[in-house]
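Notes follow the structure.
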Amino acid sequence: MRHPGALEEQKAQNAGQVLRRLAPYFSPFKHRLIAIGIVLVLGTLADLAAPYLLGVAIDQFIAVPEEGMPLWLSWLVGPDVGRASGLTAVMVTLAVTYAISWLLNVVQFRLMVQVSQRVLLTMRGQILAQLHRLSLDFFDQHQAGDLMSRLTNDTQVINDMFGQGLMRILRMSLTLVGIVIAMVTLNWRLALASFAILPIILAVTAYFSRRVRRAYRETRRTIGAVSAELQENISGIREVQAFARENETIGEFRAVNLRNRNAVVTAETIGALFMPVLEVLSTVAAAVVIGFGGYLVLGFSPPLVSVGVIVAFLNYVRRFYDPIREMANLYGQMQSAIAGAERIFELLDTEQSVKDRPDPGCLPGVLEGRIVYEDVSFRYQEDEPVLDHINAVIEPGQMIALVGPTGAGKTTFVNLLLRFYDVQGGSIRIDGCDIRDVPQDTLREAIGMVPQDTYLFSSTVMENIRYGRLDATDEEVMAAARVANADGFIQRLPEGYQTQVGERGSLLSQGHRQMIAISRAILNSPKILVLDEATSSVDTRTELLIQEALDKLMSERTSVVIAHRLSTIRKADQIFVIQDGQIVERGTHQELLAREGVYYELYMSQFRRQEGLFEPAEAPATGTA
Ligand SMILES: Nc1ncnc2c1ncn2[C@@H]1O[C@H](COP(=O)(O)OP(=O)(O)OP(=O)(O)O)[C@@H](O)[C@H]1O
Ligand SMILES: [Mg+2]
């Protein structure tokens, strides 16, 4: 178990750093912040004036009038004012003060919301941009739920803290200082007596705030678990239903929820215990003011304090506790905001592993598409080489097929070509250019990719195809779909190209999703085409249609095809058989069959069945039936 004390210390250390990192987010709003500061001071002064005015009302006009008015008062009402009209004047002043205080509060609130919402916007923008900059290995190691939580929850706690929380802390501190000054100037003897009980208050506050903070942190942790659980539940709803695991899932969710409930109840209970203790202490303080104040009135002639001042003190003492209570609460929030900021900065500081060189720009405008893998090695994890000293040459316009057992590294082979990951040994060159010398977006624009697991965005068919080239017109999109032979099925959809595909394209069949993905890749008319099991989910008839389309396309392009289906592989200029991190065999279909090696074995065990399926379909097409 972690030692809580150690964690606290570490947090405290980082607080300074975190605040320094946060400062630049606020610096563009310097003028507004200064305005807020001024409003804050004025608002606090207005707040503090109220008890004083009450005291003045009593001493000057309600009790036996004192000799000598405060300067401002004689300026306001004149020295010879009657008691009733004097009282009215002070009461009006009091009302105006309250109104000003309220108005300033509103102004301050509004200004601060503007600032903090803009900071939030900047921060979220930065995080999203950073997520897109980061390479795929980062996403291998982080859960989507956690990253989303940084983007939403963590930025939100920072926003809460620095939007309202910090202002409140400042205001409370100012109020405390103001009260102390007001009390000492009004009557230092009574002030000293009122402060006597302060150490007790501070000790109690420190004790409770420590416990509240711990409880508060637990509530945040558990609410995180609740959202994570919920997210998994929704994403995995098909599996849950398919395996009829609803009860178990609901049970697990309930357990996480219970932990959260308990944490919240604990936190609230501690808070609830704290309030009455403060109440008692504030009553004690009031008693001290009245008791000691009374003694100062009765025991001395002339009295050392006036009744009005005692009333003002009673008010100040009562107000003294609000800031303390509030600051104790805010302290927990502050901790959580700092923790949130740490998580955000950690994300923003993560270096991308696939980087563009400062002056890349190697790839020429018009590609030939000659791809060379030279001595390429790669592993996702230490000690588990996936590709081991691979050499391969793909000539322009050639179509090569990758085959090999599941998990052999076929997808990895093409991932490296797109620089989703960088090679760890050797190099990959396109037309003589090391792909690490090419900006990533230039490289990827030159390559059309149909990935193994197609992702469609929840939008229309039209928009999903257009994703291949954003400035494509509707006509171009439809032309691409026709090339992929997807046009037919799209026309038959309820709303044609305007049909919504649902989240991840869940309203379409897997095969249809693949056809959209192929259209998408075609739209960009890339020089190099990469198809990873692109036709694995369509029936053999549809595959023939797609194949026909792709044949046209691939004849003028370099293409790398990963396929289990025979029809594709047979026509390949070269077949690479990948096994145990190596290309163990290479050659054409006929050559490899003749060799009777790994390919032959794979072919016999894996493709033969399909061969049977294909022959009748292919027969009429070749006209030999
Ligand atoms: N992101 C990743 N992080 C860690 N290991 C990975 C990752 N992706 C793949 N691997 C591992 O690398 C190896 C090769 O995976 P790859 O996806 O390249 O296989 P494949 O030949 O495409 O298999 P399939 O025919 O099933 O698609 C596998 O052992 C796999 O477990
Ligand atoms: Mg694969």
Q.
Using modelled atom types and a 3.5 Å cut-off, is there a donor and acceptor pairing between side-chain atoms of N464 and backbone atoms of F457?
A. yes
(Q) Determine whether R259 and V226 satisfy the following criterion, side chain to side chain contact (heavy atoms under 4.5 Å, CB included), listing intermediate values before the conclusion. (A) CA-CA 9 Å; R259 277 202 292 282; V226 168; over 6 Å; no
Q: Carefully, step by step, assess I234 and I237 under the rule side chain to side chain contact (heavy atoms under 4.5 Å, CB included).
A: CA-CA 5 Å; I234 295 174; I237 195 79; 5.8 Å; no
Q: Start with the C-alpha distance between Y421 and Y380, add both sets of side-chain angles, then the distance that settles ring-ring contact (aromatic ring centres under 6.0 Å, His included), and finish with yes or no.
A: CA-CA 9 Å; Y421 304 86; Y380 292 100; 5.2 Å; yes
Q. Side chain to side chain contact (heavy atoms under 4.5 Å, CB included) between L417 and Y373: does it pass, once the steps are laid out?
A. CA-CA 9 Å; L417 183 63; Y373 278 60; 3.4 Å; yes
Q) With a 4.5 Å heavy-atom cut-off, do I575 and R586 have their side chains touching? A) no
Q: Please name the pair of heavy atoms, one in M515 and one in N485, separated by the smallest distance, quoted to 0.1 Å.
A: CE-O, 3.2 Å
Q) So, for P439 and D356, which heavy atoms are closest and what is the spacing to 0.1 Å? A) CA-OD1, 3.5 Å
Q: Answer whether the closest heavy-atom distance between the side chains of L120 and Q156 falls below 4.5 Å.
A: yes
Q | Those residues that, when tested against D349, pass side chain to side chain contact (heavy atoms under 4.5 Å, CB included) (two or more places apart) | A | R21, F345
Q. For E351, what residues pass the salt bridge (charged side-chain N to carboxylate O under 4.0 Å, His left out) criterion, not counting sequence neighbours?
A. K355
**Q.** Heavy-atom pair of closest approach, residues R444 and L418
**A.** NE-O, 2.8 Å
Q. OH of Y603 to CZ of R570: how many Å apart, nearest 0.5 Å?
A. 5.5 Å
Q.
Tell me whether E591 contacts the main-chain N or O of T588 through its side chain, where contact means a donor paired with an acceptor under 3.5 Å.
A. yes
Only pairs under 3.5 Å count here: list side-chain donor-acceptor contacts from residues 495-507, not counting sequence neighbours, and write none if there are none.
from	atom 1	to	atom 2	distance (Å)
Y497	OH	D487	OD1	2.6
T499	OG1	E495	N	3.1
T499	OG1	G496	N	3.2
T499	OG1	G496	O	2.7
S506	OG	E503	O	3.2

Q. Between CG of L529 and CE of M449, what distance do you get to the nearest 0.5 Å?
A. 10.5 Å
Q. With sequence neighbours excluded, what pairs up with Q398 under the side chain to side chain donor-acceptor pair (under 3.5 Å) test?
A. Q574
Q | Pair R20, Q17: side-chain N/O donor-acceptor within cut-off below 3.5 Å | A | no
(Q) Exactly one of V530, T558, V560 should register a side-chain contact (heavy atoms from CB on, under 4.5 Å) with I447. Which one does? (A) V530
Q | Minimum heavy-atom distance between G369 and D431, given as atom pair plus value | A | N-OD1, 2.9 Å
Q: Using side chain to side chain contact (heavy atoms under 4.5 Å, CB included) as the criterion, list what pairs up with A472, not counting sequence neighbours.
A: R466, R469, E476, V477, L523
(Q) So for atom CZ, which belongs to R254, do other residues, nucleotides or ligands contribute more than 12 heavy atoms lying within a distance under 6.0 Å? (A) no
Q: Under the side chain to side chain contact (heavy atoms under 4.5 Å, CB included) rule, collect the residues that match up with E596, sequence neighbours excluded.
A: Y600
Q.
Please check: side-chain N/O of S135 versus main-chain N/O of S353, any donor-acceptor pairing under 3.5 Å?
A. yes
Q.
For the backbone of H389 and the side chain of S377, can you confirm whether one donor and one acceptor N or O come within less than 3.5 Å of each other?
A. yes
Q) Quick check: does any side chain N or O of N524 sit under 3.5 Å from a backbone N or O of P526, one acting as donor and the other as acceptor? A) no
Q.
Between R118 and Q114, is there a side-chain donor-acceptor contact under 3.5 Å, judged purely by atom types and distance?
A. no
Q: Please report the closest heavy-atom contact between G409 and V386, naming both atoms and the distance.
A: CA-CG1, 3.9 Å
Q) Do side-chain atoms of N415 reach the backbone of F420 as a donor and acceptor pair under 3.5 angstrom? A) no
Q) Do V376 and L416 touch side chain to side chain, with heavy atoms closer than 4.5 Å? A) yes
Q) Yes or no on side chain to side chain contact (heavy atoms under 4.5 Å, CB included) for L22 and I158, after CA distance, side-chain angles and deciding distance? A) CA-CA 9 Å; L22 280 171; I158 293 181; 4.2 Å; yes
Q) Closest approach of V115 and R32, non-hydrogen atoms and distance? A) CG2-CD, 3.7 Å
Q: Give every residue pair that meets the side-chain hydrogen bond (donor to acceptor under 3.5 Å, both in side chains) criterion with at least one member in residues 450-460, sequence neighbours excluded.
A: T411-Q452
**Q.** R357 backbone acceptor or donor facing D437 side chain under 3.5 Å
**A.** no
**Q.** Heavy-atom side-chain proximity of I516 to F489 below 4.5 angstrom
**A.** yes
(Q) With heavy-atom distances below 4.5 Å as the criterion, would you say the side chains of I400 and V561 are in contact? (A) no
Q) Can you tell if the side chain of V577 reaches within under 4.5 Å of the side chain of L592, non-hydrogen atoms only? A) yes
Q: State which residues pass salt bridge (charged side-chain N to carboxylate O under 4.0 Å, His left out) with D422; sequence neighbours excluded, sorted by chain then number.
A: R419
(Q) Tell me every residue that passes salt bridge (charged side-chain N to carboxylate O under 4.0 Å, His left out) with R370, counting only those two or more places apart in sequence or in another chain. (A) E395
**Q.** F253 atom CZ, neighbour heavy-atom count above 12 within 6.0 Å
**A.** yes
(Q) For the CD atom on E368, are there more than 12 heavy atoms of other groups (residues, nucleotides or ligands in this structure) within a distance under 6.0 Å? (A) no
**Q.** Any side-chain heavy-atom pair of R429 and I435 under 4.5 Å
**A.** no
Q. In chain order, what residues pass the ring-ring contact (aromatic ring centres under 6.0 Å, His included) check against F576, with sequence neighbours excluded?
A. none
Q.
Over 60° means perpendicular and under 30° means parallel, so tell me whether Y599 and H589 are parallel, tilted or perpendicular.
A. perpendicular
**Q.** Flag, side chain of K410 to backbone of P405, donor-acceptor distance under 3.5 Å
**A.** yes
(Q) Tell me whether T442 contacts the main-chain N or O of V438 through its side chain, where contact means a donor paired with an acceptor under 3.5 Å. (A) no
Q | For E252, all residues meeting side chain to side chain contact (heavy atoms under 4.5 Å, CB included), sequence neighbours excluded | A | E229
Q | Exceeds 12 heavy-atom contacts within 6.0 angstrom, atom CZ of F243 | A | no
Q. What distance separates I522 CD1 from R482 CZ, expressed to the nearest 0.5 Å?
A. 12.0 Å
**Q.** Any L347 side-chain heavy atom under 4.5 Å of I127 side chain
**A.** yes
Q: Could I get the full list of salt bridge (charged side-chain N to carboxylate O under 4.0 Å, His left out) partners for D154, not counting sequence neighbours?
A: R220, R343
